[in-house]
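Here is the structure we will look at, set down as structure tokens.
Small disclaimer: the values here were computed from a predicted structure and weren't measured. Sequence positions, counted from 1, serve as the residue numbers for this chain. Atoms considered below: every heavy atom in the structure, side chains included; atoms not considered: hydrogens, waters and symmetry mates.
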Amino acid sequence: MENQTNTRYGIASGCKIFTSIAICQLVEQGKMSFHSPIKECLDINFPNFDDSITVHHLLTHTSGVADYFDEDIMDNFEELWVKTPMYHVRKLQDFLPLFKNEPMKFTPGSKFHYNNSGYILLGLIVEQASGIPFDQYVVENIFKKASMFDSGYFEMDALPARTAIGYIDSPDGSWRTNIYSLPAKGGSDGGAYVTATDMVKLWDALTSYQLLNEELTDQLLYPHCEAGEDAAYGYGVWIKMHDKKVIKYVLMGYDPGVNFRAAFYKDTALKIVVCSNQSDGAYEMISAIEDEWFNV
């Protein structure tokens, strides 16, 4: 079946913002603070973790914990599943053996280094603080509140109707699905399925304070740390800067057979969402749309 306007796509790391919103909601409820050490938030032993790691460090990719997918070591996400079969990875706890005993990479707070493990830890914190599975928390406290009724965390071997299967192109021009390339079910670092319309609804709900109060919404969208040239990172969101001014907020996700970009402009009503069930293309598409919009 051809993709439709109501087709659900995987968005990989584009859904880290769901995790950051969940954490901010729990902060708003007084169940923790951004400065809470993770050792006080999780009843899990991490033998090599620095005791000073805080929730803020995890949210901003400045914790220094080992990333289970370290791009400095691995070139291909599929390398992860050689020793750990992807069909066994269906809960957040299933990710822990990939990094929980690894040594620290740097002192917490000393630098920015994009980190999926940190967002797995945040999801586990959400589960412990709320008492329910992470995906259930997000559906009940974010998706439903934002009227994102087509979105969810689905198992790759049991996808519901109107959900796009991801495809990977091979050098010989053939295609294969990504069912053996990703965890069987996504987690708090990525892997939810959404429609483009639902992601617009998310942004509308967030910026109208339906998900968080104004103070915590501003905290989530604040440029907490530098993340490259003219780029900063908030809580679960990339921020494009110019002369120390916020230009736009960006969500992005890349996995084998998954490509996603969304741009939300701070000073206008412009929202652009591009979902793809291939490994690339979303950046080129959204860039072309932006060029047309701003060059009119």
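More than 12 heavy atoms of other shown residues, nucleotides or ligands fall within 6.0 angstrom of atom CE in Met241. The environment of Leu270 atom CG is dense: over 12 non-hydrogen atoms of other residues, nucleotides or ligands sit within 6.0 angstrom. For Gln93, the CD atom is densely surrounded, since the number of other residues' heavy atoms within 6.0 Å is greater than 12. Residue Tyr222 qualifies as open at atom OH: its count of foreign heavy atoms under 6.0 Å is 12 or below. For Glu284, the CD atom counts as densely surrounded, since its 6.0 Å shell holds more than 12 non-hydrogen atoms of other residues, nucleotides or ligands.
Here Tyr249 and Trp238 keep their ring centres 6.0 angstrom or further from each other.
Judged purely by distance below 3.5 Å, without hydrogens or angles, the side chains of Lys16 and Asn116 pair a donor atom with an acceptor atom. Looking at Gln210 and Ser208, their side chains do bring a donor and an acceptor atom within 3.5 Å of each other. Ser13 and Tyr114 form a side-chain donor-acceptor contact under 3.5 Å, judged by distance and modelled atom types alone.
Between the side chain of Ser117 and the backbone N or O of Ala66 there is at least one donor-acceptor pair closer than 3.5 Å. Judged by distance alone, with hydrogens and angles left aside, the side-chain atoms of Ser276 form a donor-acceptor pair with the main-chain N or O of Gln278 at under 3.5 Å. Between the side chain of Thr195 and the main chain of Thr7, no donor-acceptor pair closer than 3.5 Å is present. Glu28 places no side-chain N or O within 3.5 Å of a backbone atom of Leu216 that could act as its donor or acceptor partner.
Under the 4.5 Å side-chain criterion, counting only non-hydrogen atoms from C-beta, Phe264 is not in contact with Val237. Looking at heavy atoms from C-beta onward, Leu26 lies in side-chain contact with Tyr137 at the 4.5 angstrom threshold. Proximity of Tyr68 to Lys100: side-chain heavy atoms (C-beta onward) are nowhere separated by under 4.5 Å.
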One pair to check against side chain to side chain contact (heavy atoms under 4.5 Å, CB included): Met199 and Leu251. What are the steps and the verdict? CA-CA 10 Å; Met199 290 307 290; Leu251 304 177; 3.7 Å; yes

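Relative ring orientation between Phe294 and Tyr265 is described as tilted, the plane-to-plane angle lying within the 30° to 60° band. Between Tyr233 and Phe112, the ring planes are tilted. Angles from 30° to 60° get that label. Ring geometry for Trp175 against Tyr167 counts as perpendicular: the plane angle is over 60°, on a 0 to 90° scale with 30° as the lower cut.
Among residue pairs with one or both ends in residues 268-278, those qualifying as salt bridge (Lys or Arg N to Asp or Glu O under 4.0 Å) are Asp204-Lys271; sequence neighbours excluded.
Smallest separation of non-hydrogen atoms from Gly123 and Ser188: CA-OG, 3.3 Å. Closest non-hydrogen pair, Ala205 versus Ala146, comes out as CB-CB, 3.7 Å. Between Ile286 and Ile272, the shortest heavy-atom contact is CG1-CG2, 3.5 Å. Closest non-hydrogen pair, Ile38 versus Ile125, comes out as CG2-CD1, 4.2 Å. Taking both residues in full, the closest heavy atoms of Asp157 and Arg90 are given as OD2-NH2, 2.8 Å, listed atom of the first, atom of the second, then distance. Taking all atoms of both residues into account, the shortest heavy-atom contact from Pro108 to Asp50 is CD-OD2, 3.5 Å.
Rounded to the nearest 0.5 angstrom, His57 NE2 and Ser110 OG are separated by 8.5 Å.
The side-chain hydrogen bond (donor to acceptor under 3.5 Å, both in side chains) test applied to Thr5 returns no partner, not counting sequence neighbours. Thr60 meets the side-chain hydrogen bond (donor to acceptor under 3.5 Å, both in side chains) test with Thr62; sequence neighbours excluded.
A salt bridge between Lys201 and Asp150 is absent, with no side-chain N of the basic residue lying under 4.0 Å from a carboxylate O of the acidic one.
Between Val194 and the options Val273, Ile11, Leu202, a side chain to side chain contact (heavy atoms under 4.5 Å, CB included) holds for only Ile11.
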